[in-house]
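Here the structure is laid out as structure tokens; the discussion comes afterwards.
Note that the structure is a prediction, hence the values are computed from the model and not measured. The analysis underlying the following values was restricted to heavy atoms, covering all of them including side chains, and did not include hydrogens, waters or symmetry mates. In what follows, every chain begins at residue 1, and chains take the letters A, B, ... in the order their sequences are listed.
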Amino acid sequence: MTEPAAPGRNRALLRRFTRHRGAVAGAAVFLAIVAAVWLGPFLWRVDPAAIDILARNRGPAPAHPLGTDQLGRDMLARLLAGGRISVAVGLAAMALSLGLGGLVGLLAGWVRWLDGGLMRLTDLFLSLPLLPLLLVMVMLFRESLAAAFGPQTGIFLLIVFAIGITSWMPTARLVRAAVLEIRERDFILAAHAAGTAHVAMVTRHILPNVMSPVLVSATLGIANAIVTESALSFLGLGFPPDFPTWGRLLSDATVYLQTHPGRVIWPGAAISLTVLAINYTGDGLRDALDTRHRMTGPSRI
Amino acid sequence: MLSYALRRVAMSVPALLVTALIIFLLLDLAPGDPMAQVPLSVPPEIKERMREALGLGEPTHIRFGKWLWQFFAVEPMVWLDAVLGTDLAQDRQRVISWQTRSPVMDIVVERMPQTLWVVGMAYVLGILVALPIGILAAYRQYSVFDQVGTLLTLVGYSVPPFFSGVLAIVIFSVHLGWLPSIYDTTHRVTDWHSFTIQVRQMILPVMVLAVQTTAQISRFMRAAMLDSLRQDYVRTARAKGLNEWTVVLVHVLRNSMIPVITIIALGLPQVFGGAIITEQIFKVNGLGQLLITSIMAGDLPMVQTVTFMLAVLIVAFNIVADLLYGLLDPRIRHD
């Protein structure tokens, strides 16, 4: 039995990816941002919630490198704390969306009688106006969830769930297409003949081979989730005011746009830089994994 | 082709009914009471009567049926009455907004022009800028123009409107003081001077929205052009001595436009849906702003109706995009 995902292929992928300089830079910047928001609060040990009303609305100074807000809270500490939540929401929502989409796509591609129904469901979800429904979901369920799990955990679960449930469809379609293509290959026939059980078939042969489209959509999924969470926070439907996320910081700063216009720059730049870095990585991954452009057969229609 | 179109429309009807039901149930099953804001001093029996006046006394399936009847039968009648001067609707109950106690459709019609002007203008402008960028970037692949263009479109694609909008206000309204940051909907265009005011207040929201459209469409245009430029017929066209302009702008462009036009059609529902965030930032009182304020106020009939109309538009433009594909590309036949 041949193992399709040989180590040599991974090395070739890495080489193609590293040739895309923008993608490498993007990945490096994203990892740096994750490291900064993860480790930053251990190095910059200022409480993001500590109010110092005498030092409010300060500009950048050694004590407060990014200045302070209208209650004298340190902007750098808030930016780092906010980044933690934003990045965590992005990763968790991506994982949920990937899990849902992967499961639906795998079932639709592998189990014939489920295909029709699951694909109609995917089409139905794709035709829903997602942003309005997302807003409605968050608006209607936030209080009961906040009461059940506490304000931070409740809202975190709600936002991750709402983003995940409205963004799994492209992944499902990609995975289904990849599964349909792979199941006709000879090595699957060989595995069938060798008496491989269904579960082993999926975990050993199908999953490793659908990883490449999943990887690209996972990358872009993080960016999408971070932007959506920030948009919700910006509209006042995200985390409660005590938990700064980047969207929330931006939204709070717009109130003081006339007097302190500089304050919107940091959270906005943090969101934009993160999303840009992720999108660059996704582009590079797609180029590295896309076999279509390397098959330069002239007969391709 | 016609039978395909009819079949697609027929198939979309049950899908839309399920969509309407999903939206309805989501709103209906949600915890939270529309009467929550009524003061505690109001006695319970009066609260019960207020609840009935809002149509909340009846079970879910009856209310869903009534909404369907009002939306699909009464509202078209009202519309026909207004156009033809007949009296079909008489005094039948219309979908009423809880917030304003006036018919939902009247408010939608009121909000539509602002959204169409600002968001529609941005869409058209964004496409007009995107196409040449995409064409040139693909034609000169890996050139400086392509590299810079790709970087800028990726930046435009990555910067969310709630930052670019705020940034535009900081630069153009606060620092430079060139343009107003708030869109005044009551402004009437009567002469040249009021026209320039209208243009000035439209620049910022249109610019913020157009940058996003440009970023998306030019990426598609570039990819589609690159796909076509590698084809054999391009080599044939050059070999038989056609000049470069004809080859690129006629032979290549016409074939590359097929997927791009589909993408443009698929994006059109957003124009009608309004741009929720951008409208909120610049205080344009269009449909997006109507939707967000109704969601915050818990105005269920309004949210239900506007969201469902968006779903109808999405499904309709999906069908349009598929039909366009068949019309433009003779290799694709819908039979």
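In this structure, the portions of B:V155 lying under 4.5 Å from any heavy atom of chain A include both its backbone and its side chain. With a threshold of 4.5 angstrom between heavy atoms, B:I295 approaches chain A through its backbone and through its side chain. Within the 4.5 angstrom heavy-atom criterion, only side-chain atoms of B:I169, from C-beta onward, approach chain A. Proximity to chain B (any heavy atom under 4.5 Å) is restricted, for A:D283, to the side chain, taken from C-beta onward. Heavy atoms closer than 4.5 Å to chain B are found nowhere in A:S251, neither backbone nor side chain. Interface residue A:L250: only side-chain heavy atoms are found under 4.5 Å from chain B. Within the 4.5 angstrom heavy-atom criterion, only side-chain atoms of B:L167, from C-beta onward, approach chain A. Looking at B:I171, neither its backbone nor its side chain comes within 4.5 Å of chain A, counting heavy atoms on both sides. Contact annotation for B:I281: only side-chain heavy atoms (C-beta onward) come within less than 4.5 Å of a heavy atom of chain A.
Looking at B:M296 and A:L237, their side chains come closer than 4.5 Å, going by heavy atoms from C-beta outward. Under the 4.5 Å side-chain criterion, counting only non-hydrogen atoms from C-beta, B:V303 is not in contact with A:P132. Counting only heavy atoms from C-beta outward, the side chains of B:I22 and A:L124 approach each other to under 4.5 Å. The side-chain heavy atoms of B:L151 and A:Y280, taken from C-beta on, include a pair separated by under 4.5 Å. Side-chain contact between A:F234 and B:V166: present, with at least one pair of heavy atoms (C-beta onward) separated by less than 4.5 Å.
Between chain B and the options A:A223, A:P267, A:A269, A:A253, the largest number of non-hydrogen pairs under 4.5 Å is found for A:A269. With chain B as the partner, the residue from A:G247, A:A231, A:G236 showing the most heavy-atom pairs under 4.5 Å is A:A231.
Among the residues in residues 271-278 of chain A, those with a non-hydrogen atom closer than 4.5 angstrom to a non-hydrogen atom of chain B are A:I271, A:S272, A:V275, A:L276. Contact residues of residues 217-224 of chain B toward chain A are B:R219 (heavy-atom distance under 4.5 Å).
Here A:S233 pairs with A:E229, A:T245 under the side-chain hydrogen bond (donor to acceptor under 3.5 Å, both in side chains) rule; sequence neighbours left out. Applying the side-chain contact (heavy atoms from CB on, under 4.5 Å) rule to B:R111 yields the partners B:I107, B:Q114, B:N285, B:L287, B:Q289, B:L290; only residues at least two apart in sequence or on another chain are considered.
Surrounding CZ of B:F308 are more than 12 heavy atoms belonging to other residues, nucleotides or ligands, all under 6.0 Å away.
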Exercise. Please lay out, stage by stage, how A:L235 and B:I276 fare under the test side chain to side chain contact (heavy atoms under 4.5 Å, CB included).
Key: CA-CA 9 Å; A:L235 291 171; B:I276 293 181; 4.2 Å; yes

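To the nearest 0.5 Å, the span separating CD1 on B:I292 from CG on A:L135 amounts to 4.5 Å. How far CG of B:N318 is from CG of A:D123: 8.5 Å, rounded to the nearest 0.5 Å. Of the inter-residue distances, the one linking B:I314 atom CD1 with A:L130 atom CG reads 7.0 Å to the nearest 0.5 angstrom.
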